[in-house]
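These notes are about the structure you will find just below.
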Number of protein chains: 2
Amino acid sequence: MVSLAQIRGEDPSTLTAGCPSRTVIDHVMSKWGVLVLLSLAEGTRRWGELRREVEGISEKMLGSTLRTLTADGLVLRRSFPEVPPRVEYELTERGRELMSHLGPLVHWIVDHAHEMVGTTD
Amino acid sequence: MVSLAQIRGEDPSTLTAGCPSRTVIDHVMSKWGVLVLLSLAEGTRRWGELRREVEGISEKMLGSTLRTLTADGLVLRRSFPEVPPRVEYELTERGRELMSHLGPLVHWIVDHAHEMVGTTD
DNA sequence: CAGCATCCGGGATGATACTG
DNA sequence: CAGTATCATCCCGGATGCTG
């Protein structure tokens with residue numbers, strides 16, 4: 001079991017207010033971040049594909065999410081000088097490493113979601 | 001690598017809009033949910049201890065978060081009929097199972113957060 | 001096709017005060 | 001100590017329209 005104290009280790013300021021890790025956690029575990037990363041874990045995706053696969057996301061949030069994850073070095077954006085324009089997104093090496101942890105977590109949640117009745121609030 | 005298609009498996013509606021798993025994901029991976037769960041992974045905690053350990057959380061959000069996680073069956077609330085009142089929170093068996101996945105993820109993020117420059121947005 | 005700019009409403013969140 | 005109630009605020013995120 002990995003606990004807060006273990007994660008903090010020698011640096012007690014880890015995960016306190018203003019700590020950078022909190023920011024990254026917010027990016028990665030955000031409402032749309034998880035789903036976009038999950039979709040990209042499957043392979044390279046174009047803008048339109050993501051838009052369709054991540055059901056319910058708006059263009060604004062897709063753009064915002066992709067920019068954040070790209071800036072974090074988890075996603076690579078590759079644009080081709082063609083007409084019509086084509087842009088592809090894929091996970092970076094670091095992104096794939098992240099997904100090796102995030103994937104199983106989401107998988108577990110999906111498997112057990114139906115037993116969790118607390119959908120209020 | 002666990003991808004969206006793999007998670008969806010035989011049920012294509014998994015993780016689409018309105019799917020219960022999205023709700024649970026939002027609870028578990030919420031800004032404060034992660035930190036509260038992480039603190040409880042260390043052991044039983046009282047209200048005041050959580051308030052101090054999860055730095056920056058307001059009483060309102062602590063209460064709301066604990067109620068949600070309790071309703072999801074991840075946290076157990078135990079109150080003692082004493083004066084002054086004492087209430088203890090701890091992970092349920094399901095909660096500990098969840099943390100076996102969530103813990104390593106957060107651990108990895110903390111270890112790599114300093115390399116992720118994109119703190120904008 | 002791939003995206004950005006702008007507006008704006010509502011739920012999420014914080015601050016404060018109060019109760020058992 | 002362990003909360004709840006109320007109010008003010010903020011910013012997330014949806015809708016729309018436009019550009020390269």
Side-chain angles (χ1 to χ4, degrees), chain A residues 16-18 22-37 39-40 44-72 75-90 118-121, chain B residues 15-18 22-36 39-40 44-72 75-90 118-121:
Chain A
T16 56
R22 277 208 188 173
T23 306
V24 176
I25 288 179
D26 284 349
H27 293 175
V28 170
M29 327 241 304
S30 70
K31 177 183 175 74
W32 298 117
V34 184
L35 297 171
V36 168
L37 286 168
S39 181
L40 290 176
T44 298
R45 289 286 181 275
R46 299 184 56 175
W47 169 277
E49 293 175 322
L50 287 171
R51 185 112 174 65
R52 260 173 283 118
E53 196 154 50
V54 182
E55 198 193 284
I57 197 172
S58 66
E59 292 185 347
K60 175 179 177 177
M61 290 318 295
L62 179 56
S64 162
T65 301
L66 284 172
R67 253 178 286 122
T68 301
L69 296 177
T70 300
D72 284 340
V75 169
L76 179 65
R77 184 199 130 109
R78 191 173 296 165
S79 83
F80 300 84
E82 306 173 359
V83 178
R86 180 165 59 101
V87 179
E88 293 184 349
Y89 296 90
E90 59 185 312
T119 48
T120 58
D121 200 9
Chain B
L15 287 175
T16 56
R22 276 207 188 173
T23 306
V24 176
I25 288 178
D26 284 350
H27 292 176
V28 170
M29 327 238 315
S30 70
K31 176 183 175 72
W32 299 117
V34 184
L35 297 171
V36 168
S39 181
L40 290 176
T44 298
R45 289 284 181 276
R46 301 183 58 174
W47 169 277
E49 293 176 322
L50 287 170
R51 184 109 174 69
R52 260 172 282 118
E53 196 155 50
V54 182
E55 198 193 283
I57 197 172
S58 66
E59 292 186 348
K60 176 177 177 177
M61 289 318 295
L62 179 55
S64 164
T65 302
L66 284 172
R67 252 178 286 121
T68 301
L69 296 177
T70 301
D72 285 339
V75 169
L76 178 66
R77 185 200 129 110
R78 192 173 296 167
S79 82
F80 301 84
E82 305 172 358
V83 177
R86 180 164 61 102
V87 179
E88 292 184 351
Y89 295 91
E90 59 185 310
T119 47
T120 58
D121 200 9

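Just so it is clear: chains get the letters A, B, ... in the order the sequence lines come, proteins before strands, and each one is counted from 1.
Residue B:L66 contributes atom CG, which lies 14 Å from atom C1' of D:dT4 at whole-angstrom precision. Nucleotide C:dT13 holds its C1' atom 14 Å from the CZ atom of A:R22, rounded to whole Å. Atom P of nucleotide D:dC1 and atom CD of B:E88 are separated by 14 Å, given to the nearest angstrom. Counting to the nearest Å, the P atom of C:dA2 and the OH atom of A:Y89 are 9 Å from each other. We find that CZ of A:F80 is positioned 11 Å from P of C:dA2, with the value rounded to whole Å. Put simply, CD on B:E82 is 13 Å from P on D:dG3, counting in whole angstrom units. Separating the CZ atom of B:R86 from the C1' atom of C:dG20 is a distance of 18 Å, rounded to the nearest angstrom. Whole-Å rounding puts the B:R45 CZ to D:dA2 P distance at 13 Å.
Between B:V75 and B:T68, the closest side-chain pair of non-hydrogen atoms is not below 4.5 Å. Counting heavy atoms from C-beta on, the side chains of B:L35 and B:I57 never come closer than 4.5 Å. Side-chain contact between A:Y89 and A:L76: absent, with no pair of heavy atoms (C-beta onward) separated by less than 4.5 Å.
Look at A:R77 and you won't find any side-chain N or O under 4.0 angstrom from OP1 or OP2 of C:dA2. In this model, the phosphate group of D:dG3 is not approached by any side-chain N or O of B:R67 to a distance below 4.0 Å at OP1 or OP2. Contact between the side-chain N/O atoms of A:R46 and the OP1/OP2 oxygens of C:dA2 is found at a separation under 4.0 Å.
Using a 4.0 Å heavy-atom cutoff across all strands shown, B:G48 reaches sugar-phosphate atoms only and no base atom.
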- [ ] Encode nucleotides 13-20 of chain D as B, S and - characters from 5' to 3', where the letter depends on protein heavy atoms closer than 4.0 Å: B to the base, S only to sugar-phosphate, - to neither.
- [x] BBB-B--B

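Defined by atom type and a distance below 3.5 Å, a donor-acceptor pair is missing between the side-chain atoms of A:T44 and A:E88.
Salt-bridge annotation for B:R51 and B:E49: absent, with no side-chain N of the basic residue lying under 4.0 Å from a carboxylate O of the acidic one.
Comparing B:R52 and B:G63 along DNA chain D, the residue whose closest nucleotide (by nearest heavy atom) sits nearer the 5' end is B:R52.
Shown here for B:S79 and B:V87, the closest heavy-atom pair between the two residues is CB-CG2, 3.8 Å.
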Open item on the list: I'd like to know whether A:R45 forms a salt bridge (charged side-chain N to carboxylate O under 4.0 Å, His left out) with A:E90, so could you lay out the CA-CA distance, the side-chain angles of the two residues, the decisive distance to 0.1 Å, and finally the verdict.
Closed with: CA-CA 6 Å; A:R45 289 286 181 275; A:E90 59 185 312; over 6 Å; no

